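One structure is given below, encoded as structure tokens.
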Amino acid sequence: MSFVNAVDMTQDAYKNHYAIGAFNTNNLEWTRCILKGAQDTNTPVILQVSMGAAKYMGGYKLVMDLVADEMESMNITVPVVMHLDHGNYEAAKECIEVGFSSVMFDGHDLPFDENLAKTKEIVKLAHAKGISVEAEVGSIGGEEDGIIGEGELASVEEAKTLAATGIDILAAGIGNIHGKYPENWTGLHFDRLQEISDAVKMPLVLHGGSGIPKDQIVKAVEMGISKVNVNTENQVAFANATRAYIESGADQIGKGYDPRKLLAPGKKAIVDVITSRIGWFETPAVK
């Protein structure tokens, strides 16, 4: 099965008030876990990679080829989107060229007029090849590939202007952050989410989905969030399971040091998180 873009699935999610899980890959194990979680639940999935993770793994083409080869090897039958997460202008253009089925151009740190102009160009390049486009307005809090955002609330007017460029999905800052949420986090700003949703009437993206309580995610999905990004939660689950394996001394028994055994608890933990979150998002099974 080849990659699909995110247009039809996010439009259907928007109309029917559910969300598609967008899970970041960091290596081969992460890729297999994401695909397994989607196949086990028989649900569509957005498999995405950040600029930093792609560099670590060997480049965008290698990541794309790895995902495609794993899909074939694992007999994956559910729809899979190959998506660039938080790409700058050059990264988005490269991913369009190598064959990703969806890209995010993140120009939130640019002057708005420049963000707008570059978003229009990415939309033109991507849509010519049937590739979906996500763009961002308003800074998402926390850190992503060394870029630190303060978590500002997106401007409703800027959201409307960016949506008019022809993008397919819109990420907007509503108090969400990347990474772990601090104890003094006050929650999502549902009033701003409602204002933006009413203004743009299109699928919206919740970045920083790891750590947001289930009730807030469910409410956000009801209000127009159609794609939820999850990465940190999988990383923490993997680290905790791997730590428990080593602290139990299992790596000292027999060939417990074999990486296939050493990584197995962490891989199971990732799949458990993914299947759980797909349930939260109420993603329907593929018919």
Side-chain angles (χ1 to χ4, degrees), residues 5-24 37-38 41-48 78-79 81 83 85 102 104 132-142 151-160 162-164 167-178 181 185-234 272-287:
N5 67 36
V7 176
D8 288 344
M9 66 172 66
T10 54
Q11 283 286 346
D12 191 73
Y14 175 71
K15 292 175 184 176
N16 293 290
H17 303 288
Y18 66 88
I20 306 293
F23 304 99
N24 286 60
T41 54
N42 193 34
T43 55
V45 70
I46 298 173
L47 194 155
Q48 56 189 27
V78 298
V81 177
H83 182 71
D85 185 32
S102 186
M104 176 189 185
S132 53
V133 178
E134 175 183 343
E136 181 175 321
V137 61
S139 173
I140 308 299
E152 67 191 53
L153 297 184
S155 159
V156 178
E157 286 305 313
E158 288 186 355
K160 287 175 63 177
L162 199 60
I167 60 173
D168 303 291
I169 39 182
L170 174 67
I174 53 171
N176 43 325
I177 67 172
H178 293 120
Y181 282 76
W185 182 64
T186 58
L188 298 176
H189 291 256
F190 291 106
D191 53 346
R192 182 55 54 89
L193 172 57
Q194 189 66 64
E195 290 174 339
I196 292 172
S197 184
D198 289 344
V200 302
K201 293 181 172 58
M202 68 182 299
L204 301 174
V205 185
L206 182 63
H207 281 251
S210 298
I212 298 176
K214 180 180 179 180
D215 62 326
Q216 293 196 36
I217 286 181
V218 170
K219 183 176 180 179
V221 170
E222 281 292 325
M223 296 171 67
I225 293 294
S226 307
K227 171 179 180 276
V228 181
N229 288 14
V230 177
N231 184 26
T232 301
E233 214 150 21
N234 283 334
D272 288 347
V273 169
I274 290 172
T275 55
S276 170
R277 295 305 172 266
I278 288 172
W280 285 20
F281 309 153
E282 297 188 349
T283 315
V286 176
K287 295 180 181 179

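Nothing here was measured: the structure is a model prediction, and the numbers come from that model. Just so you know, residue 1 is the first one in the sequence shown, and it goes up from there.
The list of salt bridge (Lys or Arg N to Asp or Glu O under 4.0 Å) pairs with a residue in residues 192-206, not counting sequence neighbours, reads Arg192-Glu195.
Put simply, CD1 on Ile212 and CD on Glu233 are 9.5 Å apart, with the number rounded to the nearest 0.5 Å.
Residues passing the side-chain contact (heavy atoms from CB on, under 4.5 Å) test with Ala19 are Val221, Val228, Phe281, sequence neighbours excluded. Residues passing the side chain to side chain donor-acceptor pair (under 3.5 Å) test with Ser197: none are found, sequence neighbours excluded. Ser155 pairs by the side chain to side chain donor-acceptor pair (under 3.5 Å) definition with nothing, not counting sequence neighbours. A search for side-chain contact (heavy atoms from CB on, under 4.5 Å) contacts involving Ser276 returns Trp280, not counting sequence neighbours. Taking the side chain to side chain donor-acceptor pair (under 3.5 Å) definition, one finds that Tyr18 meets it with Asp12, sequence neighbours left out. With sequence neighbours left out, the side-chain contact (heavy atoms from CB on, under 4.5 Å) criterion links Ala164 to no other residue. Residues that satisfy the side-chain contact (heavy atoms from CB on, under 4.5 Å) test with Ala220, not counting sequence neighbours, are Leu188, Phe190, Leu193, Ile225. Residues forming a side chain to side chain donor-acceptor pair (under 3.5 Å) with Asn42 (at least two apart in sequence, or on another chain): none.
Listed for the Thr10 side chain is no donor-acceptor partner under 3.5 Å among the backbone atoms of Asp8. Side chain of Asp168 to backbone of Val133: a donor-acceptor contact under 3.5 angstrom is found. A donor-acceptor distance shorter than 3.5 angstrom exists from the side chain of His17 to the backbone of Glu222, with no hydrogens or angles considered.
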Q: Mind running side chain to side chain contact (heavy atoms under 4.5 Å, CB included) on Asp85 and His207 for me, showing each step along the way?
A: CA-CA 10 Å; Asp85 185 32; His207 281 251; 3.5 Å; yes
Q. Do Met202 and Ile167 pass the side chain to side chain contact (heavy atoms under 4.5 Å, CB included) test, and can you show the C-alpha distance, the side-chain angles, and the key distance before you say yes or no?
A. CA-CA 9 Å; Met202 68 182 299; Ile167 60 173; 3.9 Å; yes
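Side-chain contact check for His83 and Glu134: at least one donor-acceptor pair (N or O, by modelled atom type) lies under 3.5 Å.
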